[in-house]
Amino acid sequence: EEWDEKLEELVQAVTHHVLVQRRGDESYEFRHALMREAVYEDLLPGERGDLHVRLAEALSADPALSADSLGPAAELAWHWKQAHELPHALRASIEAGSQAERMRAPADAARNLENAVELWDRVEQPERVSGTTLVELLRRGAELTHLGGDTDRAAAIGRRVVDMIGDSDPVAAAMARERLARYLWTSGRHGESADEYARAVELMPPEPPTSERASVLAARSQVLMLRGDLDESRELAEQAIAIAREVGDRTVEAHALNTLGVDIASLGEREPGIALLRESLAIEQTLGASDNLQRTYTNLSDVLDQNGQVEEGL
């Protein structure tokens, strides 16, 4: 009987052009967005909260009901937030960020993680609820914001990460400063960036040899190369390569080989520089698509062109 009543209400809504059936689908939507908003605004606060809970429960039970091709997490986050079920909203926001990241949608992913950050202090025991930390959320958010193209905002978030870590954990602090330096560089603040790279190397313990140590050395070496400080860049790149090979970090090894190749070629030894860049490229091709792979192709093509190998450079 209840179903019959609902069916009759649905028929009336369609007949009076309130709802329309979606093409190729058994679902319905409001004919006009303004009508949907008017109906929503007409609901009493208690009715709205209850409706959001019911919608969230329905989406949780059957994710196929989602209108989002990425999955229901972003919708769930919104419904749980509107229903003031903030622990659920926090978890769903983080999952929505992960879904968008898997689909290579960094700006969407960053926006969802920022929603999670906004909810953090409004949830009791947020680390237990979310399974992560605020520093990690901000760290991921900064990187995704950077990948999404908003370098100034990435730098602002990266600065917050650095401030939250402080200097109590030297390795974490150094890695956070290296990322901040990257965001500052790409946003055009080269002086600030160079200072942060130097601080990252200073903070990173020299012993034992680690991937993290190799990583900050390689990163500072790259910036020194870009600034034209080739001898210092070469020295740091060689240190990074030695450590990376000792600990077996092929990604950092390829990055530093790339920089070293440019350094040596720019100092006049083009053939040895090209050989190092080809070595970097061979490693990168085994690792898959990345910023480093793009960077190696770019630098190798430039050095080949400078060496008169124009067709190969093209």
Side-chain angles (χ1 to χ4, degrees), residues 52-53 56-57 59-60 63 66 68-184 196 200 203-204 210-212 215-216 219 249 251-252 290-291:
H52 282 296
V53 169
E57 289 173 344
L59 280 169
S60 298
S66 173
D68 192 332
S69 60
L70 295 180
E75 291 169 281
L76 282 169
W78 187 73
H79 286 306
W80 286 127
K81 186 176 181 180
Q82 296 303 313
H84 303 292
E85 295 285 351
L86 301 188
H88 290 311
L90 175 60
R91 285 194 296 269
S93 294
I94 294 171
E95 176 56 27
S98 297
Q99 286 180 352
E101 189 174 1
R102 287 193 295 271
M103 293 295 291
R104 305 294 190 266
D108 284 344
R111 184 167 56 252
N112 282 300
L113 292 188
E114 285 206 27
N115 289 338
V117 170
E118 289 176 6
L119 290 166
W120 191 265
D121 289 334
R122 298 162 62 188
V123 172
E124 289 187 18
Q125 297 182 303
E127 290 191 9
R128 183 185 61 79
V129 168
S130 66
T132 189
T133 65
L134 181 56
V135 166
E136 177 61 14
L137 265 186
L138 289 166
R139 187 198 64 77
R140 283 178 61 201
E143 186 67 14
L144 289 162
T145 300
H146 177 249
L147 290 173
D150 192 344
T151 54
D152 286 330
R153 186 159 185 78
I157 301 170
R159 177 69 68 186
R160 185 177 175 191
V161 173
V162 165
D163 291 343
M164 288 184 70
I165 294 173
D167 292 339
S168 58
D169 182 340
V171 173
M175 296 303 291
R177 285 185 182 276
E178 185 276 327
R179 287 289 82 192
L180 171 59
R182 174 66 175 161
Y183 308 147
L184 288 168
E196 291 298 340
L203 281 171
M204 184 65 72
T210 60
S211 289
E212 290 83 2
S215 178
V216 296
D249 191 324
T251 299
V252 176
S290 71
D291 286 347

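Index from 1, following the sequence.
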Could you state the interatomic distance from [atom1] ([X]) to [atom2] ([Y]), rounded to the nearest 0.5 Å?
X	Y	atom1	atom2	value
Ile94	Thr132	CD1	OG1	6.0 Å
Ser98	Met103	OG	CE	13.5 Å
His84	Arg122	NE2	CZ	8.5 Å
Glu85	Arg91	CD	CZ	10.0 Å
Leu86	Glu124	CG	CD	10.5 Å

Can you find a pair of side-chain heavy atoms, one from [X] and one from [Y], that are under 4.5 Å apart?
X	Y	value
Leu90	Pro126	yes
His88	Leu76	no
Glu212	Met204	yes
Pro72	Gln99	yes
Glu143	Glu101	no

With Ala154, which residues qualify under side chain to side chain contact (heavy atoms under 4.5 Å, CB included), at least two apart?
Thr145, His146, Tyr183
Which heavy atom of [X] sits nearest to which heavy atom of [Y], and what is that distance?
X	Y	answer
Trp80	Ala89	CB-N, 3.6 Å
Gly158	Leu180	C-CD1, 4.1 Å
Ala172	Ile165	O-CD1, 3.8 Å
Gly97	Asn112	N-CB, 3.6 Å
Leu203	Pro170	O-CB, 3.6 Å
Val161	Ala176	CG1-CB, 4.0 Å

Taking Ser211's backbone N and O only, do any of them form a donor-acceptor pair with Ser215's side chain (distance below 3.5 Å, no angle check)?
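No; judged by distance alone, with no hydrogens or angles, the pair does not exist.
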Electrostatic pair [X]-[Y], nearest N-O below 4.0 angstrom:
X	Y	answer
Asp163	Arg160	no
Arg182	Glu196	no
Glu114	Arg140	no

Leu144: which of Asp150, Ile157, Leu113 passes side chain to side chain contact (heavy atoms under 4.5 Å, CB included)
Leu113
Taking atom types as modelled, is there a side-chain donor on Ser93 or Asn115 under 3.5 Å from an acceptor on the other?
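Judged by distance alone, the side chains do not pair up.
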